[in-house]
Amino acid sequence: MHVQEWLETVPPVSIYLLVGVVIGLESLGIPLPGEIVLVSSALLASQHGDINPYILGACATAGAIIGDSIGYAIGRKGGRPLLAWLGGKFPKHFGEANIAMAERSFEKWGMWAVFFGRFVALLRIFAGPLAGVLRMPYWKFAIANVFGGILWAGGTTAVIYSVGVVAEAWLKRFSWLGLVLAVLVGLTSMLILKNRAKKAAARAEANTSAVTAEREPVPAAAAD
């Protein structure tokens, strides 16, 4: 059963709670499909009047902000041993290469890494705990966390809900093809934005690596 089909059997209040909890746990640092659950719920809200998109967006935003804040507190207290422990539990997400990439992003972009990290799945999981481990000043983290959470969670809900409403209007006049095309347009737009964010992060990582390589001293044997 697909996520959206399963959500159709769940009462609205439970959906609000589910979205908030899943996104909160993902933001805290636990690898969960928060974006998939949010997109499916927003699309479902556009097709069923029982689900209020404003409440849905508010719950998603609250989950994102609270989850990241808890992750920050845990990271600040646990330090690097916490990252090592997470690497043992979730090697695919918290492996050394991923942690190094995220750390370089934080060193280069600071609080902007928290803000824009919302739109990149890997950084969305890392943002809170890593900001705490790196001792980012809380006021910087809080600003990026709040505005990033509102833009990502609220914006995603608004975009997908709007796409679903338009698709429903097309569906009444045409066929399911209109619904499929509208959803594909919305998802494609999101994927393009995420792809651009990943390319920007990759370029920043390459530039950082190049600068580091230039600064490394040449071994005496090689110099001879």
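Values in this document were obtained by computation on a predicted structure and should not be read as measured data.
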Minimum heavy-atom separation for Arg135 to Arg76, with atom names?
NH2-O, 3.3 Å
With sequence neighbours excluded, what pairs up with Leu32 under the side chain to side chain contact (heavy atoms under 4.5 Å, CB included) test?
Val22, Leu25, Glu26, Ile30
Taking the side chain as C-beta and beyond, is there a heavy-atom pair between Ile23 and Val37 under 4.5 Å?
no
Starting at OG1 of Thr61, measure out to CD1 of Ile66 and round the result to the nearest 0.5 Å.
10.5 Å
Tyr16: what forms a ring-ring contact (aromatic ring centres under 6.0 Å, His included) with it, not counting sequence neighbours?
none
Side-chain contact, heavy-atom cut-off 4.5 Å: Pro137 with Met111?
no
What heavy-atom pair brings Ser27 and Pro129 nearest, and what distance separates the two atoms?
O-CD, 4.2 Å
When you look at Asn145 and Ser69, which way does the side chain to side chain contact (heavy atoms under 4.5 Å, CB included) test go after all the steps?
CA-CA 8 Å; Asn145 180 32; Ser69 298; 3.2 Å; yes
What's the spacing between Leu18 CG and Ser40 OG if we round to 0.5 Å?
10.0 Å
Give me the atom names and distance for the closest heavy-atom approach of Val39 to Ile160.
O-CG2, 3.5 Å
Taking every non-hydrogen atom, the tightest pair across Val19 and Ser41
CG2-OG, 3.3 Å
When you compare the side chain of Val114 with that of Lys140, does any pair of heavy atoms fall below 4.5 Å?
no
Just so I know, are the side chains of Trp152 and Leu38 near enough to count as touching, which here means a heavy-atom distance under 4.5 Å?
yes
What closest approach, in Å, do Ala45 and Leu56 show between heavy atoms, and which atom pair accounts for it?
CB-CD2, 4.3 Å
Using a 4.5 Å cut-off on heavy atoms from C-beta on, say whether the side chain of Leu44 contacts that of Ile15.
yes
Quick one: which residue pairs count as a ring-ring contact (aromatic ring centres under 6.0 Å, His included) with a foot in residues 61-82, not counting sequence neighbours?
Tyr72-Tyr138, Tyr72-Phe141
